[in-house]
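Report on the structure given below.
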Amino acid sequence: MSEQATARTIDRSKMQVSDEVAIEISNMNKWFGSFHVLRDINLTVNQGERIVIAGPSGSGKSTLIRCLNALEEHQQGKITVDGTVLSNDLKNIDKIRREVGMVFQHFNLFPHLTILENLTLAPIWVRKTPKKEAEETAMHFLEKVKIPEQALKYPGQLSGGQQQRVAIARSLCMKPRIMLFDEPTSALDPEMIKEVLDTMIELAEEGMTMLVVTHEMGFARQVANRVIFMDAGQIVEQNEPEEFFNNPKSERTKLFLSQIL
Ligand code: ADP
Ligand code: MG
């Protein structure tokens, strides 16, 4: 676990939280078979919030964010994303996946496609965007993540940090309103973590609503407006970063922080 300090000056004044609700989870429960993995989750996220989700391995962090774009089903309670209730109706799922981008620990790029093809695949085939327009959008986002010169290479020719930035650009090509990150830097060598965090910081500065599962507590302090601590399927505690780190309330949070900081 690192306290990756970023050399950039972060402009938190650009990170405005609006009154508009982006995600609302009420009384949500989820089981895997008989295993009760998420317990009575209540969480409201407004547009523009940057939320870091922390907690020990197996506490349900991935499952929680996977429920938000219907990669996992929940059995009880209600999840509303950008005004759309997440039911098992395929139409709703499609709409929500369009608005919610997700970046995983492993980049999941198609190895036999170029970077540009990885970025245009879904826009062309799912969204029916004309190829030329999809390529222009892809190049725009490759420039944004600072690797336009890699467009015609294959994923295997890029470093891990570059591949993760491609994965972020690929999500952005779908113009999401919300981005979910599941340990986006955990598979990266230390020297590559910063370039991915910097990309995420820029997104935050542009007002993107973000939920980030990460052990990068430096990122949490600098970018998050709220840190959520999960343990054993529950949200145990949440607070603004300063309070969360300096004045944790529950014993479980204290123990967790003592282990990682
Ligand atoms: P975290 O991301 O906090 O490490 P996860 O959400 O991945 O935790 O997992 C929470 C718990 O649910 C763990 O005990 C894990 O073993 C279990 N789990 C995760 N996915 C499945 C699945 N598909 N089937 C059964 N159990 C699962
Ligand atoms: Mg996980």
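Residue numbers run from 1 in the order of the sequence given. Side chains included, hydrogens not; waters and symmetry mates left out as well; all remaining heavy atoms used. When a ligand or atom number is given, it counts from 1 through the structure's own listing order.
With E24 as reference, T44 is the one residue of N46, T80, T44 to meet the side-chain hydrogen bond (donor to acceptor under 3.5 Å, both in side chains) rule.
Under a 3.5 Å cut-off, the side chain of Q157 and the backbone N or O of Y154 do form a donor-acceptor pair.
Side-chain atoms of D40 and N27 form no donor-acceptor pair, as typed in the model, at a separation below 3.5 Å.
Close contacts of ligand 1 with S59, meaning ligand atoms under 4.0 Å from a residue heavy atom, involve 1 (P), 3 (O), 8 (O). Within ligand 1, counting atoms from 1 as listed, the ones closer than 4.0 Å to a heavy atom of P56 are 3 (O). Those atoms of ligand 1 with a heavy atom of T63 less than 4.0 angstrom away are 5 (P), 6 (O), 9 (O). Here is the list of ligand 1 atoms found below 4.0 Å of a heavy atom in F35: 11 (C), 12 (O), 14 (O), 17 (C).
Closest to atom 19 (C) of ligand 1 among all protein heavy atoms lies F32 CE1, 3.4 Å. With hydrogens left out, the protein atom closest to atom 3 (O) of ligand 1 is K61 NZ, 2.8 Å, a heavy atom.
Nearest heavy-atom pair across G161 and M192 is N-SD, 3.4 Å.
Some N or O of G60 is nearer than 3.5 Å to an N or O of ligand 1, by distance alone.
In this structure, K194 NZ and T185 OG1 are separated by 13.0 Å, a value rounded to the nearest 0.5 Å. For the atom pair OG of S171 and CD1 of I178, the computed distance is 12.5 Å after rounding to the nearest 0.5 Å.
Within 4.0 Å of atom 16 (O) of ligand 1, not a single protein heavy atom is present.
Among G58, A54, S62, the residue whose heavy atom lies nearest to atom 11 (C) of ligand 1 is G58.
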Side chain to side chain donor-acceptor pair (under 3.5 Å) between S13 and D11, worked out
CA-CA 5 Å; S13 71; D11 191 351; 2.5 Å; yes
Show your reasoning for whether side chain to side chain donor-acceptor pair (under 3.5 Å) applies to D182 and S62.
CA-CA 6 Å; D182 193 356; S62 294; 2.6 Å; yes
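Not a single N/O/S atom of Q105, whether from backbone or side chain, sits less than 2.8 Å from the Mg ion (ligand 2).
At a 4.0 Å heavy-atom cut-off, ligand 1 touches V37 through the side chain alone.
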